[in-house]
Amino acid sequence: MIRSMRRKPDFHNLELVLQKKIPPRPVMFDFIIGDRIERMLTGDDYRVETEYHRLVTRVKAFDSAGYDHAPVIVRGLTFQRRESHVAAATKSLNEGAVITDRESFETYSWPEITDCDFDIIHRVGKELPEGMKLVPFSLDGVLENVIGIVGYENLCILLYEDRQLVKDIFDAVGSRLLEYFKACLEFDEVGAILQNDDWGFNTQTFLSPADMREFVFPWHKRMAEAAHQCGKYALLHSCGYYEDIIEDVIGEIGIDGRHSYEDNIVPVEEAYESLRGRIAVLGGMDVNFLATADSKEVYQRARSMVDKGQKFGGYALGSGNSIPDYIPDVNYLAMLEAAD
């Protein structure tokens, strides 16, 4: 492990960020770290032979890197799609679709949270360093899962042809994800939930803002309310364009912190200037930048954002989306160093 002896986790620091306050030291936030980099962070402690070992390894990796949280998933709530044998570059936007009409909706085999072993949260929680909390996420979100089982083009057509069926599909997915997060929130080891659900292309949302408000946002609002009722926090990981829906995210859904920023949509520096004081800004070091810049540039940009966060509050340093394995070690470590 590379940093845990120098920096002890304290989830309260991330809580202060989510309250739009200034923590006593810089705080970091990330969602997914690649296997190779997890191995680099954990060394001889790297074990992935079971799901339990995989999650414990993630906890150790996030602790080693200096985070105050560790993202975890409870397997089992999988919305089955048709298996694809097509190369990713040539996939149709309907690839994997299994629900195309009322009959296929009625005969679809829906997953249930009884398929999930939530006790793994407690078992992994026993391995948490003092002060660290778990942040559960789901296997895709409300809109992602609906698109996965219906198909994007099919969904757009159904919005015109059968809106009641669309509502029923969203309700079937959303209600199950809500129960999933409610089950996760029952554990003391959990400090927040991460509502991961990509919502847009680079220049617009996948669905019109009006349709997002009708079908998608109500379920995310219920998830956020469930977290707040437990005295915990609701985070959003969502890629894509957000300008037309950010007021919904803040005012209607009630998200405490938003993650995923891209330079070709809105650089994190601009996002922070417009959002600070209203919602916590999490991460933002663009993945392409982390992959292609030199380590000095990474350190300087990350340090600049850290300084802003420690001056105005409501910011945690991290990637704009994730830490894939193609990010050079030296660049990832430069970002970590900026938070020391």
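Side chains are part of it too, since the values below use all heavy atoms of this structure and drop only hydrogens, waters and symmetry mates.
Between Glu144 and Asp197, the closest heavy-atom pair is N-OD1, 2.9 Å. Smallest separation of non-hydrogen atoms from Val74 and Cys116: CG1-CB, 3.8 Å. Heavy atoms only, all atoms of each residue included: Arg7 and Gly66 are closest at NE-O, 3.2 Å.
Atom CD1 in Ile169 sits 6.0 Å away from atom CG in Leu158 (nearest 0.5 Å). Taking CZ from Phe217 and CD from Glu252, the interatomic distance works out to 9.5 Å, rounded to the nearest 0.5 Å.
Heavy-atom contacts from other residues, nucleotides or ligands closer than 6.0 Å to NE2 of His122 number 12 or fewer. Atom CG of Asp44 sits in a sparse spot, with 12 or fewer heavy atoms from other residues, nucleotides or ligands closer than 6.0 Å. When the shell of 6.0 Å around CD of Glu273 is examined, it contains more than 12 heavy atoms from other residues, nucleotides or ligands. Other residues, nucleotides and ligands place no more than 12 heavy atoms under 6.0 Å from the CD atom of Glu130. Counting heavy atoms of neighbouring residues, nucleotides and ligands inside a 6.0 Å radius, atom CD of Glu103 does not exceed 12 of them. No more than 12 heavy atoms of other residues, nucleotides or ligands sit less than 6.0 Å from atom CG of Asp188.
Each of Glu297, Arg303, Lys296, Arg301 was compared with Tyr299 under the side-chain contact (heavy atoms from CB on, under 4.5 Å) criterion, and only Arg303 meets it. The one candidate from Lys20, Arg276, Gln310, Met305 that meets the side-chain contact (heavy atoms from CB on, under 4.5 Å) condition with Tyr315 is Met305.
Using a 4.0 Å cut-off between a side-chain N of Lys or Arg and a carboxylate O of Asp or Glu, Lys311 and Asp307 do not qualify as a salt bridge. We find that Arg278 and Glu247 are joined by a salt bridge, their nearest charged nitrogen and carboxylate oxygen being less than 4.0 Å apart. At a threshold of 4.0 Å, the pair Asp68-Arg25 counts as salt-bridged, since one of the basic side-chain nitrogens sits closer than that to a carboxylate oxygen. Comment: Asp329 engages Arg36 in a salt bridge, judged by a side-chain N to carboxylate O separation of less than 4.0 angstrom. Using a cutoff of 4.0 Å between basic side-chain nitrogens and carboxylate oxygens, Glu214 and Arg163 are scored as salt-bridged. For Lys60 and Glu127, the salt-bridge test fails: no basic side-chain N is under 4.0 Å from an acidic carboxylate O.
The six-membered or imidazole ring of Phe137 lies away from that of His237, with a centre-to-centre distance of 6.0 Å or more.
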Problem set entry | Arg123 vs Leu55, side chain to side chain contact (heavy atoms under 4.5 Å, CB included): CA-CA, chis, key distance, verdict | CA-CA 10 Å; Arg123 288 184 280 128; Leu55 293 183; over 6 Å; no
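In this structure, Phe312 and Tyr272 have tilted ring planes: the angle between them lies in the 30° to 60° band.
In summary, the side chains of Gln19 and Tyr233 do present a donor paired with an acceptor at a separation below 3.5 Å, with no hydrogens or angles considered.
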